[in-house]
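To start, the structure under review is shown below, and the notes come after it.
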Amino acid sequence: MVTQPNPPMPLGRRGRLELDEVLAALVADGRLTADDARLLRSRSRPQRAARSTIDIHPLVLIGNAEFEDRASPGRPLSVERLAEWLAGKAGLPYLRIDPTKIDVARVTQIVSQAYAQRHRILPVNVTPEAVTFASAEPFDSNWAKDLAPMLRRDVHRVVANPVEIHRYLAQLYGVQRSVQLAREAGSENAPSAILNFEQLVELGNGGELGADDRHVVNIVDWLLQYAFEQRASDIHLEPRREMGRVRFRIDGVLHSVFELPPQVQSAVTARIKILARMDVAERRRPQDGRIKTRSSGGREVELRISAMPTAFGEKVVMRIFDPDIVVRSYAELGFDAHEEVLWRSLVERPHGIVLVTGPTGSGKTTTLYSTLKHLARPELNVCTIEDPIEMVAPELNQMQVQPALDLDFAAGVRTLLRQDPDIIMVGEIRDLETAHMAVQAALTGHLVLSTLHTNDSASAITRLLDLGVPHYLVQSTLAGVVAQRLLRTLCPHCKRESRLDQALWRSLTQGYELPLPARTFEPVGCVECRHTGYRGRIAVYEMLALNPALRASIDAAFDLGTFGDLARRAGLRPLRVAGAAAIARGVTGLEEVLAVLPLVE
């Protein structure tokens with residue numbers, strides 16, 4: 001007689017999940033081996049006897065053991081994968097929590113933090129008809145039955161990672177509590193009414209609430225760490241009459257993430273200005289500053305702060321600079337093999353001017369800083385003049401423009417020429433005097449790197465001529481121009497194959513022999529990419545290296561159209577063709593290329 005093994009105990013038979021029943025279900029589903037389950041039980045038994053893990057969720061215990069997922073060899077059975085598996089067992093939707101999509105003020109009013117912690121739930125969405133809760137205990141639904149009549153709304157349940165539920169419970173309720181307490185503290189001494197616009201600007205309640213108030217400090221600390229976690233490149237604090245707005249720029253797109261009462265936002269602004277060593281009392285003039293801090297992972301991060309007066313107070317933008325960004329290889333910057341060789345030939349020459357062009361936010365700073373990091377050897381003196389200094393680098397000698405002291409770009413370059421430089425980086429060529437000093441530096445045997453705001457590489461020559469630089473000096477000093485743009489890259493988790501319209505492809509690659517790619521992809525949207533279909537960005541380049549024929553065409557009767565034709569015959573690949581090549585590589589989608597590089601000339 002063959003003894004049949006006992007069937008695994010049903011999950012959640014007592015409501016709350018227990019380690020033994022979860023392990024048994026994972027073994028039955030082929031996600032764990034019986035030996036793995038026994039090993040984990042033996043490891044956790046002494047701790048459970050000491051009650052040190054009594055409140056730790058079973059999925060966390062299993063995920064921390066880092067066993068291999070037997071259903072997907074080579075991949076660990078992480079807490080995230082376990083939560084997805086649990087959702088399937090419970091027949092509920094799985095949710096990857098995206099805090100930028102949560103209205104913190106609304107969800108934290110639904111239930112108390114103590115109640116949410118007791119039931120391991122987190123409200124994630126509130127509508128007039130229903131409230132959605134993320135739960136780590138899908139078989140415990142008694143709380144939902146109790147809440148529905150009290151809230152007078154339907155209660156929807158989804159399953160989420162218990163680690164994220166615990167983390168965001170503490171963060172969201174904590175920051176909302178700080179906002180509320182700060183608001184109450186600020187309202188005690190706030191004026192009862194604002195009579196006119198001028199009073200509104202002058203009052204700015206930040207002085208009433210105190211930038212060093214511990215609640216304000218908590219809000220600022222949370223805001224910075226939150227931005228680092230979400231991969232934000234910029235933080236925008238925007239004052240409004242009723243409620244201030246906080247937005248993050250992520251992958252080039254702004255996302256609204258939080259709202260602050262006006263008096264709290266004023267105090268937060270004051271706190272940031274103190275950290276950035278700016279004049280807190282001055283609210284009528286634009287100011288710049290910088291903050292150096294650390295992320296939760298211990299990495300050093302720099303923030304460049306810009307404050308400007310608006311109708312309802314000071315608007316603050318914090319640009320986040322990750323030092324890891326400026327130590328990228330040329331390949332990581334987006335250069336292909338041919339472009340890297342061409343770029344090296346431009347920046348490793350002993351003298352001449354090399355320009356990087358593109359609109360604000362196109363990655364020029366990253367390209368220049370990464371290049372300077374590669375060029376800065378102990379035997380070279382590399383100097384910069386910037387407005388402001390974007391990121392402090394120990395390998396460089398950096399000087400900041402100071403208009404109040406008559407130290408502009410031109411004066412800065414004049415000073416640097418007396419500092420025995422080998423390489424000079426000028427933040428931007430804005431006027432004839434700066435352009436003239438850059439030309440003089442190149443003529444006297446220095447390599448000059450700088451930026452211009454033009455749409456393509458050839459237009460940089462027109463811009464220099466328009467500034468008043470004589471054509472023969474442009475001809476003799478300009479080594480090359482690189483135009484660049486940033487394209488969002490398709491999310492690897494959700495992108496799908498698509499069919500490309502042949503006529504549109506021909507329009508995009510007009511004049512260039514680029515065959516229609518066999519496979520292309522389009523964005524879909526998932527929790528990993530915040531339902532945008534894109535995650536991360538990559539640069540595409542248009543590289544113009546001047547050869548003798550191109551130099552000869554820069555004359556008193558310079559014609560941009562003729563020069564462009566000559567450049568394309570010499571091998572120039574326009575930005576739109578570089579974008580098409582990125583589509584062919586499966587890196588980005590057609591709609592992104594057309595949005596950044598439209599076909600209309």
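Side-chain atoms are counted along with the backbone in the values below, which use heavy atoms only and exclude waters and symmetry mates.
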- Please lay out, stage by stage, how Arg535 and Arg488 fare under the test side chain to side chain contact (heavy atoms under 4.5 Å, CB included). CA-CA 7 Å; Arg535 183 179 174 87; Arg488 291 183 296 169; over 6 Å; no
- Item | Check ion pair Asp69-Arg81 (N to O, under 4.0 angstrom) | yes
- Query: Can Val216 and Val264 be said to form a side chain to side chain contact (heavy atoms under 4.5 Å, CB included), step by step?
  - Reply: CA-CA 7 Å; Val216 175; Val264 177; 5.6 Å; no
- Provide the closest heavy-atom pair for Leu486 versus Glu592 in the form atom of the first, atom of the second, distance. O-OE2, 4.4 Å
- Message: Closer than 4.0 angstrom, basic N to acidic O: yes or no for Glu522 and Lys495?
- Response: no
- Task: In plain terms, say whether Glu68 and Arg70 are close enough for a salt bridge, that is, a side-chain N and a carboxylate O under 4.0 Å apart.
- Result: yes
- Query: Measuring from Phe321:CZ to Leu303:CG, what's the distance to the nearest 0.5 Å?
  - Reply: 9.0 Å
- Message: What I'd like to find out is whether the side chain of Pro162 reaches to under 4.5 Å of the side chain of Val79, using heavy atoms alone.
- Response: yes
- Between Glu164 and Arg96, is there a salt bridge with N-O shorter than 4.0 Å? yes
- Message: Would you say Asp35 and Thr33 are linked by a side-chain donor-acceptor pair, where the criterion is simply a distance under 3.5 Å?
- Response: no
- Message: For the CG atom of Leu508 and the CG atom of Leu597, what is their distance to the nearest 0.5 Å?
- Response: 8.5 Å
- With no hydrogens and no angle check, do the side chains of Gln113 and Arg177 hold a donor and an acceptor under 3.5 Å apart? yes
- Query: Does some side-chain heavy atom of Leu260 sit less than 4.5 Å from a side-chain heavy atom of Val268?
  - Reply: yes
- Given side chains that start at C-beta, do those of Ile305 and Ile272 come closer than 4.5 Å, heavy atoms only? yes
- Query: Taking 4.0 angstrom as the limit, do Arg304 and Asp288 come out as a salt bridge?
  - Reply: no
- Query: With the threshold set at 4.0 Å, does a side-chain nitrogen-carboxylate oxygen contact exist between Lys292 and Glu300?
  - Reply: yes
- Task: Would you mind checking if Glu314 and Lys273 are paired as a salt bridge, meaning a charged N to carboxylate O distance below 4.0 Å?
- Result: yes
- Task: Please check if atom CZ in Arg118 has more than 12 non-hydrogen atoms from other residues, nucleotides or ligands closer than 6.0 Å.
- Result: yes
- Message: Tell me which pairs pass ring pair (Phe, Tyr, Trp, His ring centres under 6.0 Å) where either residue lies in residues 231-267, with sequence neighbours left out.
- Response: Trp222-Phe258, Tyr226-Phe248
- Message: Between Met318 and Asp234, is there a side-chain heavy-atom distance shorter than 4.5 Å?
- Response: no
- Task: With side chain to side chain contact (heavy atoms under 4.5 Å, CB included) as the test, would you mind laying out the steps for Leu122 and Phe133 before giving the verdict?
- Result: CA-CA 5 Å; Leu122 175 69; Phe133 287 87; over 6 Å; no
- Message: Take a 6.0 Å sphere around CD of Glu497 and say whether it holds more than 12 heavy atoms from other residues, nucleotides or ligands.
- Response: yes
- Query: Is Asp251 salt-bridged to Arg537, going by a charged N under 4.0 Å from an acidic O?
  - Reply: no
- Message: Looking at Arg120 and Glu137, is there a salt bridge between them, counting it only when a charged N and a carboxylate O are closer than 4.0 Å?
- Response: yes
- Query: Are Glu259 and Arg247 ion-paired here, with the side-chain N under 4.0 Å from a carboxylate O?
  - Reply: no
- When you look at Leu19 and Ile62, which way does the side chain to side chain contact (heavy atoms under 4.5 Å, CB included) test go after all the steps? CA-CA 8 Å; Leu19 180 62; Ile62 300 169; 3.9 Å; yes
- From Leu224 CG over to Ile219 CD1, what is the distance, rounded to the nearest 0.5 angstrom? 12.0 Å
